[in-house]
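Have a look at the structure below, then the notes.
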Amino acid sequence: MKPAFYLTTPIYYVNDVPHIGHAYTTVAADVLARYKRLMGYDVYFLTGSDEHGQKVEKAATTAGETPLELADRVVKRFQALWERLGISNNDFIRTTQERHKKGVAHIFKDILEKGDIYLGEYEDWYCTPCETFWTETQLIDGRCPDCNRPVEKLKEESYFFRMSKYQDQLLAHIESHPDFIQPKSKRNEIISFVKEGLRDLSISRTTFTWGIPVPDNDRHVIYVWFDALTNYITALGYPEATDDYKRFWPVNVHLIGKDILRFHAVYWPTFLMAAGLPLPEKVFAHGWWTIEGQKMSKSLQNVVEPNMLIDKYGVDAVRYFLLREVPFGLDGDFSHASLVQRINSDLANDLGNLLSRSTAMAVKYFNGILPAPAVLNESDLALKRRTEEMIATVDGCLNDMAFSKALQAIWEVISAGNKYIDESAPWTLAKDPALKERLATVMYCLLESQRIVHIILSAFLPATAEKALDSLGCGEERSLVGMAWGGLREGTTITKAEALFPRIEG
RNA sequence: GGCGGUGUAGCUCAGCUGGUUAGAGCAUACGGCUCAUAUCCGUAAUGUCCGGGGUUCAAGUCCCUGCACCGCCA
């Protein structure tokens, strides 16, 4: 039986339209999912939408539609974008779905019955747009410290989650599981946050109705984060002990942006502890993108619309850029200049041109019929070795979410391929019929190395790898097994590859 | 204010437990090849490794201190 691998993106809030940040998390998750499938895992890749809450309710009212209508509309935009980006999620959960609502009500009731949810009273300053309560000391000049808008004093009956009870247990878990929260810098932040003490958490609201009602008390709606986080198990069928649930929970990794780390590294694990469920194996918080050196914001009107990027540069170029430019976990800057630079230098000159020149020679010297290699000499073996070593390196990198490093390792092999051509000088070999066998060996090694490169690249650049493998005459052997050296068969028809990535001039 | 982090070539960054002439990619200059998307290969140059002090036979790497920037919390 295949090993299981479960990974998630956050569910995206429908009050916001998709931007480069959403695309980033989702593309990263997709690469990991595709890679794990390649390695023989049975992968459950979940994304979805978060649709409840006061903000959505208000936005819908303003737009003259029901909250669900608004959600339907925005969800389509997310789904259409994922389609365009080649996202291979096998499930898409919406918090308005029955399966989810049922599960949330169940876990709420369960924790209530176990005594870790209790009814109390909440009084504090409330910022409606942010849906956040602030203490007196947190306010800045009497305004919301996040958005600087006015806040109002609010007193409401509220259900509380006894988060304080789990402080020590959570801390112990974090400390005994060094990889639970990554990267390390974020882990430190969470540790110090927990050490400062966890307060009980208000997890219901009475000021609006667009949400999942508290079981047996429908004056209350369940707090959006309690609702949203639970998606990770309701998608698998919780509370039923479904096959998916048994097979995939606990999740291998939650990929998230650094802004929502606390919810995933503190709230969510303590909810699970209270419910007696196993904790996620890993929560990985990636960084943020600035745009041409500036913080991305609606008011600056510099929000990057992924569809526009795809139109202009193509899907795989965008996927490549997002994962290559910046180490996952750190902030990075998006600029058109650096994207064009990556496309021209890495994708066109290195990757694309290598395939182009290699396949052109195969056609020219062997009529496109791949010859069998003779005995490999030192430089052939060096290329083979580098290619094989790269597979292990990439595996290590991807287990650490080091997408950028993984791509660098792949590019070292591409670079080695270009150098190999230069050193072997096939055009010289071709002039002497006596060297035909040597030429055959060189062509074989060259193409075989690239076949392996493109199989592994199919996780990152699915459409590109498809084209490349087609031109290398490779059929369906696109898996871990197919990664072994020697998979390219003698007699395979090689066709001259079109430019995978045309250079962008100007 | 408390805690944590960062400061290395023009740019983005690697440099683990201290040890030969401090590295990579991109950009720059020069040279080479011609199979290829004017692509590829090679060579070169540039660094007070933030400042100051200290430990050590030896510090970009450890300690102290100052400055600058960033994150989390308050």
query: Could you walk me through whether A:Arg386 and A:Glu389 pass the salt bridge (Lys or Arg N to Asp or Glu O under 4.0 Å) check?
result: CA-CA 5 Å; A:Arg386 293 199 72 145; A:Glu389 284 167 0; over 6 Å; no
For the pair made of [atom1] in [X] and [atom2] in [N], what is the distance, rounded to whole Å?
{"X": "A:Phe334", "N": "B:U12", "atom1": "CZ", "atom2": "P", "result": "18 Å"}
{"X": "A:Phe366", "N": "B:C35", "atom1": "CZ", "atom2": "P", "result": "15 Å"}
{"X": "A:Leu330", "N": "B:A14", "atom1": "CG", "atom2": "C1'", "result": "12 Å"}
{"X": "A:Lys467", "N": "B:U37", "atom1": "NZ", "atom2": "P", "result": "15 Å"}
{"X": "A:Leu355", "N": "B:U39", "atom1": "CG", "atom2": "P", "result": "18 Å"}
{"X": "A:Leu447", "N": "B:C35", "atom1": "CG", "atom2": "P", "result": "17 Å"}
{"X": "A:Glu325", "N": "B:C11", "atom1": "CD", "atom2": "P", "result": "16 Å"}
{"X": "A:Leu351", "N": "B:U39", "atom1": "CG", "atom2": "P", "result": "16 Å"}

Between [options], spot the one nearest the side chain of [X], thanks.
{"X": "A:Glu505", "options": "B:A36, B:U37, B:U39", "value": "B:U39"}
{"X": "A:Asn349", "options": "B:A36, B:U39, B:C35", "value": "B:U39"}
{"X": "A:Leu500", "options": "B:C35, B:U39, B:U37", "value": "B:U37"}
{"X": "A:Arg503", "options": "B:U39, B:C73, B:A36", "value": "B:U39"}

Could you check which nucleotide pairs with [N] in any of the strands shown, counting Watson-Crick or G-U wobble with both distances under 3.5 Å?
{"N": "B:U37", "value": "none"}
{"N": "B:C3", "value": "B:G71"}
{"N": "B:U17", "value": "none"}
{"N": "B:G60", "value": "none"}
{"N": "B:G47", "value": "none"}
{"N": "B:G10", "value": "B:C26"}

- request: Go through residues 407-434 of chain A and report each residue with a non-hydrogen atom lying under 4.0 Å from RNA chain B, sorted by number.
  value: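 RNA chain B contact set from residues 407-434 of chain A: A:Ser415, A:Asn418, A:Lys419, A:Asp422, A:Trp427.
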Nearest-angstrom distance, [atom1] atom, [N] to [M]:
{"N": "B:A38", "M": "B:U20", "atom1": "C1'", "value": "42 Å"}
{"N": "B:A36", "M": "B:U17", "atom1": "C1'", "value": "47 Å"}
{"N": "B:U34", "M": "B:A9", "atom1": "P", "value": "39 Å"}
{"N": "B:C3", "M": "B:U8", "atom1": "C1'", "value": "26 Å"}
{"N": "B:A27", "M": "B:G7", "atom1": "P", "value": "25 Å"}
{"N": "B:G18", "M": "B:G25", "atom1": "C1'", "value": "27 Å"}
{"N": "B:U46", "M": "B:C26", "atom1": "C1'", "value": "15 Å"}
{"N": "B:G4", "M": "B:U43", "atom1": "C1'", "value": "44 Å"}

With sugar-phosphate meaning primed atoms plus P, OP1 and OP2, does [X] contact a base, only sugar-phosphate, or nothing at under 4.0 Å between heavy atoms?
{"X": "A:Lys258", "result": "nothing"}
{"X": "A:Phe501", "result": "base"}
{"X": "A:Ala360", "result": "sugar-phosphate"}
{"X": "A:Lys496", "result": "sugar-phosphate"}

- request: Enter the distance from A:Leu309:CG to A:Leu339:CG here, rounded to the nearest 0.5 Å.
  value: 6.5 Å
Spatial distance of atom CG (A:Leu461) from atom CG (A:Leu500) [nearest 0.5 Å]: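 The distance works out to 9.5 Å.
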List for me each residue that meets side-chain hydrogen bond (donor to acceptor under 3.5 Å, both in side chains) alongside [X], sequence neighbours excluded, and say none if there are none.
{"X": "A:Tyr35", "answer": "A:Asp395"}
{"X": "A:Asp311", "answer": "A:Arg84"}
{"X": "A:Asp50", "answer": "none"}
{"X": "A:Ser404", "answer": "none"}

field: A:Trp225 ring center within less than 6.0 Å of A:Tyr267 ring center
entry: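 No, ring centres 6.0 Å or more apart.
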message: Run the salt bridge (charged side-chain N to carboxylate O under 4.0 Å, His left out) test against A:Asp331 and tell me which residues pass, sequence neighbours left out.
response: A:Lys258
Could you go through nucleotides 25-28 of chain B and list every protein N or O atom that sits under 3.5 Å from one of its N or O atoms, giving the distance for each pair?
unit_1: B:C26; atom_1: O3'; unit_2: A:Gln341; atom_2: NE2; d: 2.9
unit_1: B:C26; atom_1: O2'; unit_2: A:Gln341; atom_2: NE2; d: 3.1

- prompt: Hey, is the side chain of A:Arg357 poking within less than 4.0 Å of OP1 or OP2 on B:U37, counting only N and O atoms?
  reply: no
task: Could you name each residue pair satisfying ring pair (Phe, Tyr, Trp, His ring centres under 6.0 Å) that touches residues 330-381 of chain A, not counting sequence neighbours?
output: A:Tyr313-A:His336, A:Phe321-A:Phe334, A:Phe334-A:His336
message: Tell me which pairs pass ring pair (Phe, Tyr, Trp, His ring centres under 6.0 Å) where either residue lies in residues 389-428 of chain A, with sequence neighbours left out.
response: A:Tyr320-A:Trp411, A:Phe328-A:Phe403
Below 3.5 Å is the cut-off: list the nitrogen or oxygen pairs between protein and nucleotides 1-7 of chain B, distance only.
none

Of all pairs that satisfy salt bridge (Lys or Arg N to Asp or Glu O under 4.0 Å), the ones with a partner from residues 7-18 of chain A, not counting sequence neighbours: A:Asp16-A:Lys298
- prompt: Which residue pairs pass the salt bridge (Lys or Arg N to Asp or Glu O under 4.0 Å) test when at least one of the two sits in residues 181-191 of chain A, sequence neighbours left out?
  reply: A:Lys186-A:Glu189
5' priority, RNA chain B, between A:Lys405 and A:Ile190 [closest heavy atom]: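 Counting from the 5' end, the first nearest nucleotide belongs to A:Lys405.
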query: Using 30° and 60° as the class limits, which term best fits the ring planes of A:Phe161 and A:Tyr166: parallel, tilted or perpendicular?
result: parallel
query: Judged by modelled atom types alone, do A:Ser449 and A:Thr387 share a side-chain donor-acceptor pair under 3.5 Å?
result: yes
